[in-house]
There are 2 protein chains.
Amino acid sequence: MQTEELRCCGDFHERANLDKWIEILQSTGLKLTAPRHVILEFLHKQSHPITNREIYNGISNDCDLASVYRSINLFIKIGFVQQFDFGDGIARFELIEPGLDSHHHHIVCTDCSKVIEIDHCFPNSLTETIEKHTGFSRITHKLEFFGLCSECK
Amino acid sequence: MQTEELRCCGDFHERANLDKWIEILQSTGLKLTAPRHVILEFLHKQSHPITNREIYNGISNDCDLASVYRSINLFIKIGFVQQFDFGDGIARFELIEPGLDSHHHHIVCTDCSKVIEIDHCFPNSLTETIEKHTGFSRITHKLEFFGLCSECK
DNA sequence: ATTTAATTGCAAATGGATTGCAAATGGTGT
DNA sequence: ACACCATTTGCAATCCATTTGCAATTAAAT
Ligand SMILES: [Mn+2]
Ligand SMILES: [Mn+2]
Ligand SMILES: [Zn+2]
Ligand SMILES: [Zn+2]
């Protein structure tokens with residue numbers, strides 16, 4: 001991994017125009033409702049994984065918090081959104097381009113919660129070994145790094 | 001990683017006699033109470049990470065569920081217990097030998113929840129690289145694998 | 001045995017997430 | 001434009017893991 005390879009969260013996601021997601025949404029027979037549109041729009045602007053409540057606050061109560069949860073769960077099911085767990089019991093989400101391999105990880109400051117992307121996925125290269133030695137198949141994983149960022153050191 | 005290197009959970013933990021933990025507990029000025037003793041004893045018998053409720057059921061209501069939570073939180077603080085997150089929103093714990101490097105991971109069957117130990121920790125070798133490229137220090141991580149076990153395939 | 005701070009049991013509270021249901025809505029066809 | 005209707009929403013209630021306030025209990029030291 002070289003320094004110049006490091007990309008910020010925005011470089012991973014949100015490459016395409018919002019219309020891309022909207023078209024897919026409508027082509028599936030699902031409704032493009034006001035809540036879904038505004039949530040999609042807000043996710044599209046983010047550069048880091050955010051919580052349901054952050055979305056709710058970010059769209060200034062344009063829809064009910066329960067609808068945020070329901071929309072996000074839908075977006076996960078149709079592959080619009082990826083969920084991350086930073087260990088504090090609150091799920092975090094980021095918009096991804098459907099169909100693309102957006103698998104990656106983060107490093108989170110344990111002091112100020114600053115997030116930086118880790119664009120490589122190291123455990124992938126070990127999947128075959130683990131398959132062979134455990135008998136498991138269709139192996140996935142969850143990996144997040146934690147530490148003190150340069151400001152909090 | 002060779003096949004003969006694979007160890008089950010019991011080989012990792014619970015090597016020492018229960019007295020080892022009890023002595024350390026008392027030497028710290030903490031009380032050896034009935035709940036703590038029975039919980040420690042139960043943890044000592046396990047071969048996989050277990051939840052607070054599983055402990056509570058396993059000791060057949062020998063103490064209150066809140067006391068299980070409190071004891072486990074204490075055990076974490078003094079380094080007796082290690083916490084794992086298998087992604088279902090329920091914390092899991094296993095007894096470790098205090099002072100020893102017990103850092104390891106698991107692979108969990110997404111169908112039957114069977115757990116197998118992964119005794120190597122691959123991301124450790126990448127910590128230095130991540131430090132250099134993110135500016136973070138004191139880096140830790142959480143990594144768990146998921147998949148279908150041989151019976152559920 | 002007495003003392004005292006630590007610990008427990010019990011019940012209530014917390015907080016993220018889900019859900020039942022009646023009202024609202026967007027997409028489709030007229 | 002309008003009517004239709006399955007989907008979706010808002011709202012409130014609920015769920016469930018975990019935490020907490022407090023009075024009663026208890027381990028350990030004197
Ligand atoms: Mn990201
Ligand atoms: Mn283990
Ligand atoms: Zn920081
Ligand atoms: Zn299985």
Side-chain angles (χ1 to χ4, degrees), chain A residues 18-19 21-43 49-78 80-93 113, chain B residues 18-19 21-43 49-78 80-93 113:
Chain A
L18 241 198
D19 297 337
W21 285 273
I22 293 175
E23 279 165 26
I24 296 176
L25 188 69
Q26 290 177 317
S27 75
T28 61
L30 294 163
K31 289 185 183 177
L32 176 61
T33 63
R36 287 174 186 170
H37 190 276
V38 73
I39 292 169
L40 217 41
E41 207 164 40
F42 187 71
L43 284 171
I50 51 175
T51 67
N52 277 300
R53 180 159 291 277
E54 285 169 340
I55 296 170
Y56 176 65
N57 293 336
I59 63 178
S60 46
N61 306 23
D62 263 13
C63 77
D64 194 74
L65 180 57
S67 295
V68 177
Y69 277 95
R70 280 187 282 227
S71 295
I72 288 293
N73 284 341
L74 174 73
F75 290 162
I76 290 174
K77 194 179 345 178
I78 64 178
F80 281 18
V81 159
Q82 201 164 353
Q83 177 168 349
F84 293 97
D85 171 20
F86 289 173
D88 61 357
I90 314 176
R92 283 176 171 76
F93 312 93
S113 298
Chain B
L18 240 199
D19 297 337
W21 285 272
I22 292 176
E23 278 166 27
I24 296 175
L25 187 68
Q26 290 176 318
S27 75
T28 62
L30 294 163
K31 291 184 182 177
L32 176 60
T33 62
R36 287 173 186 171
H37 191 276
V38 73
I39 291 169
L40 217 41
E41 208 165 41
F42 187 72
L43 284 170
I50 51 175
T51 67
N52 278 301
R53 180 158 291 279
E54 284 169 340
I55 295 170
Y56 176 65
N57 293 335
I59 62 179
S60 46
N61 306 23
D62 262 12
C63 78
D64 194 74
L65 180 57
S67 295
V68 176
Y69 276 95
R70 279 188 281 226
S71 295
I72 288 294
N73 284 341
L74 174 73
F75 291 162
I76 290 174
K77 195 180 342 180
I78 63 179
F80 281 18
V81 158
Q82 200 164 354
Q83 177 168 347
F84 293 96
D85 171 19
F86 289 172
D88 60 357
I90 313 176
R92 283 176 170 76
F93 312 94
S113 298

Classify the side chain of K31(B) and the base of dT7(C) as holding, or not holding, a donor-acceptor pair under 3.5 Å. no

Check the distance between dA5(C)'s P and L30(B)'s CG and give it to me in whole angstrom. 16 Å

Rounded to whole Å, OH of Y56(A) lies from C1' of dC11(D) at a distance of 11 Å

Measure from CG on L25(B) to P on dA27(D) and round the result to the nearest Å. 13 Å

Would you give the length of the straight line joining atom OH of Y69(B) to atom CG of D64(B), rounded to the nearest 0.5 angstrom? 11.0 Å

Nearest-Å distance, CD1 (I50(B)) to P (dA17(D))? 15 Å

Please give, in whole Å, the distance from dT7(C) C1' to L40(B) CG? 16 Å

Using a 4.5 Å cut-off on heavy atoms from C-beta on, say whether the side chain of L43(A) contacts that of I50(A). yes

Would you mind telling me which of W21(A), F93(A), F80(A) makes a ring-ring contact (aromatic ring centres under 6.0 Å, His included) with F75(A)? F80(A)

Think T33(A) has a side-chain N or O under 4.0 angstrom from the OP1 or OP2 of dG26(C)? no

Spacing between H37(A) atom NE2 and dG27(C) atom P, to the nearest angstrom: 11 Å

Ranking dA28(D), dG9(C), dG10(D) by distance to the side chain of R70(A), first place goes to dG10(D)

Can you tell me how far C1' of dT9(D) sits from CD1 of I59(A), to the nearest Å? 13 Å

Test for a donor-acceptor pair under 3.5 Å between the base of dG26(C) and the side chain of R36(A), counting only N and O atoms. no

Over how many whole Å does the gap from D88(B) atom CG to dT18(D) atom P extend? 9 Å

Distance-only check: which donor-acceptor pairs under 3.5 Å involve side-chain atoms of residues 83-91 of chain B, not counting sequence neighbours?
unit_1: D85(B); atom_1: OD1; unit_2: G87(B); atom_2: N; d: 2.8
unit_1: D88(B); atom_1: OD1; unit_2: I90(B); atom_2: N; d: 3.1
unit_1: D88(B); atom_1: OD1; unit_2: R92(B); atom_2: NH1; d: 3.2
unit_1: D88(B); atom_1: OD2; unit_2: R92(B); atom_2: NH1; d: 3.0
unit_1: D88(B); atom_1: OD2; unit_2: R92(B); atom_2: NH2; d: 3.2

Are the side chains of Y56(B) and T51(B) in contact, using a 4.5 Å heavy-atom criterion? no

Rounded to the nearest 0.5 Å, what separates atom NZ in K77(A) from atom CD1 in I72(A)? 13.5 Å

DNA chain C: D62(B) or Q26(A), which has the more 5' nearest nucleotide? D62(B)

Please tabulate, one pair per line, each protein N/O and nucleotide N/O from nucleotides 15-17 of chain C that are separated by under 3.5 Å, including the distance.
unit_1: dA17(C); atom_1: OP1; unit_2: A91(A); atom_2: N; d: 3.0
unit_1: dA17(C); atom_1: OP2; unit_2: Y69(A); atom_2: OH; d: 2.8

Pairs of donor and acceptor atoms involving the side chains of residues 24-37 of chain A, under 3.5 Å and at least two apart or interchain, shall be tabulated with distances.
unit_1: S27(A); atom_1: OG; unit_2: I24(A); atom_2: O; d: 2.8
unit_1: T28(A); atom_1: OG1; unit_2: L25(A); atom_2: O; d: 2.5
unit_1: T28(A); atom_1: OG1; unit_2: L30(A); atom_2: N; d: 3.4
unit_1: T33(A); atom_1: OG1; unit_2: R36(A); atom_2: N; d: 3.4
unit_1: R36(A); atom_1: NH1; unit_2: K31(A); atom_2: O; d: 2.9

The nucleotide from dT7(C), dC11(D), dT19(D) with an atom nearest the side chain of A66(B) is dT19(D)

